[in-house]
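Inspection log for the structure reproduced underneath, given as structure tokens.
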Amino acid sequence: MSLLSDLINLNLSDTTDKIIAEYIWIGGSGMDLRSKARTLNGVVSDPHKLPKWNYDGSSTGQAPGEDSEVILYPQAIFKDPFRRGNNILVMCDAYTPAGEPIPTNKRYNAAKIFSHPDVVAEEPWYGIEQEYTLLQKDLKWPIGWPVGGYPGPQGPYYCGAGADKAFGRDVVDSHYKACLYAGINISGINGEVMPGQWEFQVGPSVGISAGDELWVARYILERITEIAGVVVSFDPKPIAGDWNGAGAHTNYSTKSMRNDGGFEVIKKAIGNLKLRHKEHIAAYGEGNERRLTGRHETADINTFSWGVANRGASVRVGRDTEKAGKGYFEDRRPASNMDPYVVTSMIADTTILWKP
């Protein structure tokens, strides 16, 4: 008698060349990830050789019922850590049947910016620090917290170890390995300041791939928390009061910043970011005003600031960058629920293409 786990783990390559492709896309809220699977006749490594597909946009808040068909364009392929074997995850973006990007397709405009010759020449690198909170499924209260109550104050939880400090490490480690298996350039994990809160880092990734990799890493995390029976929250301030919020600090450099004399290029780029502060804040995530208060390692949302090794600034430059005279900087403003396509392309546009 086969167990369910035996059937889930069947190796299809024993009997067929066919594979399963899980098509992933972003739903109408801009944060809900949707997916569905289809059978392909064999291994495909080029996303542009995958068939386009469609879905019912009226069920995702992306199309009216009388004209509900939305078309998925495959854009990036990853190995599937759930089905394993030759099966794949496919990151897609969404278009009307006429080929126009739908309003929630933020990848389309990002790809235009990243394909601009001036941006291509600068090889923009990104490292995104994705913070998130694990919640008890029925209570929507952080795991490890007393029901209806609070744990001890912040201090021992950041990068902590022990049953009274680290909650959900099995989920976090499973996600780490699953992302590496998938081919995502995940560079690390750590426990965060608020108990029940964690972070993973994606990068360094070049251009549009940073957005593709972060979205698929989020999808994998959603699937793992589904298995574990907990809920992942990307809310930028999941618990009001004297608790840290959740961000998506975005580390960034261009070829000019990484070369000799790069610190001057960095300072000029930061100057451009200051001039467009309001536009960036408006695009950096919903509810970010609850997080960017000037407390809990954040800058005030209304005031742009930067500094070396200053985690209370809008933009932080590392000591190593200052010492070497070249390197990268960290935009600390994006919220945990930001769209990486929007944030990464906007930073490139402001620092490379935009002229004050």
Side-chain angles (χ1 to χ4, degrees), residues 5 31 81-82 127-182 184 186-203 214 217-251 285 287-288 290-299 309-312 316 330 332 334-338:
S5 59
M31 272 304 289
F82 303 103
I128 302 173
E129 305 170 29
Q130 176 69 72
E131 295 178 343
Y132 61 93
T133 309
L134 295 175
L135 305 177
Q136 302 169 52
K137 182 165 67 78
D138 297 323
L139 302 172
K140 299 296 173 70
W141 196 241
I143 65 171
W145 289 39
V147 175
Y150 295 86
Q154 295 181 156
Y157 310 108
Y158 173 70
C159 297
D164 58 343
K165 304 178 199 71
F167 311 115
R169 193 185 295 276
D170 53 347
V171 169
V172 176
D173 275 346
S174 297
H175 177 253
Y176 194 178
K177 286 189 173 182
C179 285
L180 287 171
Y181 179 96
I184 293 167
I186 184 170
S187 50
I189 58 168
N190 60 268
E192 265 305 331
V193 177
M194 190 182 85
Q197 193 176 79
W198 294 83
E199 172 184 300
F200 65 89
Q201 302 95 32
V202 166
L214 188 68
R218 284 174 171 176
Y219 173 81
I220 291 172
L221 183 57
E222 292 275 13
R223 288 282 303 275
I224 289 172
T225 53
E226 173 190 323
I227 294 166
V230 297
V231 173
V232 58
S233 169
F234 296 104
D235 189 289
K237 188 73 174 179
I239 303 295
D242 198 18
W243 304 97
N244 273 35
H249 304 152
T250 302
N251 299 275
N288 210 10
R290 293 183 282 117
R291 168 180 163 261
L292 295 181
T293 61
R295 300 182 62 217
H296 305 108
E297 300 182 67
T298 70
N310 184 357
R311 284 182 163 74
R316 180 186 69 87
E330 175 193 36
R332 296 179 60 82
S336 49
N337 60 1
M338 63 81 157

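What you see is a predicted model, and the numbers here were worked out from it, not measured in a lab. For the single chain, residues carry numbers from 1 onward in sequence order.
Taking CD from E222 and CD1 from I227, the interatomic distance works out to 12.0 Å, rounded to the nearest 0.5 Å. The CD1 atom of I128 lies 12.0 Å from the CD1 atom of I186; values are rounded to the nearest 0.5 Å. A distance of 10.0 Å separates CD in E192 from OH in Y132, rounded to the nearest 0.5 Å. In this structure, SG on C159 lies 10.0 Å from CD1 on I189, to the nearest 0.5 angstrom.
The side-chain heavy atoms of T298 and R291, taken from C-beta on, include a pair separated by under 4.5 Å. A 4.5 Å side-chain heavy-atom check between L135 and W141 finds every atom pair outside the cut-off. When side chains are defined from C-beta on, F200 counts as touching L214, because their heavy atoms get closer than 4.5 Å. Counting heavy atoms from C-beta outward, T225 and V231 have side chains that stay 4.5 Å or more apart. Taking the side chain as every heavy atom from C-beta outward, F234 and Q130 approach each other to under 4.5 Å. At a threshold of 4.5 Å between non-hydrogen side-chain atoms, the residues T133 and I143 do not count as touching. At a threshold of 4.5 Å between non-hydrogen side-chain atoms, the residues E297 and N244 count as touching. Between K140 and S233 the shortest side-chain heavy-atom distance does not fall below 4.5 Å.
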Could you go through the side-chain contact (heavy atoms from CB on, under 4.5 Å) check for H296 and K237 one step at a time?
CA-CA 11 Å; H296 305 108; K237 188 73 174 179; 3.8 Å; yes
Applying side-chain contact (heavy atoms from CB on, under 4.5 Å), run through N288 and M338 and close with a yes or a no.
CA-CA 9 Å; N288 210 10; M338 63 81 157; over 6 Å; no
Output, in order, the C-alpha distance, side-chain angles, deciding distance and verdict of side-chain contact (heavy atoms from CB on, under 4.5 Å) for I239 and Y150.
CA-CA 10 Å; I239 303 295; Y150 295 86; 4.2 Å; yes
Dump the intermediate steps for side-chain contact (heavy atoms from CB on, under 4.5 Å) on K137 and V230, then the final yes or no.
CA-CA 5 Å; K137 182 165 67 78; V230 297; 5.9 Å; no
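Closest non-hydrogen pair, Q201 versus E199, comes out as NE2-OE2, 2.6 Å. Scanning both residues, M194 and P142, for their nearest heavy atoms gives CE-CG, 4.4 Å. Looking at every heavy atom in both residues, W145 comes nearest to G196 through NE1-N, 4.5 Å.
The closest side-chain donor-acceptor pair between E129 and N251 falls under 3.5 angstrom. Defined by atom type and a distance below 3.5 Å, a donor-acceptor pair is missing between the side-chain atoms of Q136 and D138. Side chains of D242 and Q154: no donor on one and acceptor on the other come within 3.5 Å.
The backbone N or O of Y176 lies less than 3.5 Å from no partner atom in the side chain of Y181, so there is not a single donor-acceptor pair. Distance alone, capped at 3.5 Å, places no donor-acceptor pair between the H249 side chain and the G127 backbone. Of the possible polar contacts, none joining the K165 side chain to the P195 backbone as a donor-acceptor pair under 3.5 Å is found. Using a distance-only test at 3.5 Å, with no hydrogens or angles considered, no donor-acceptor pair links the side chain of R332 to the main chain of R316.
Checked against the 6.0 Å centroid criterion, the rings of F167 and W198 do not qualify as a close aromatic pair.
Annotation for Y158: atom OH does not count as buried by contact number, only 12 or fewer foreign heavy atoms lying within 6.0 Å.
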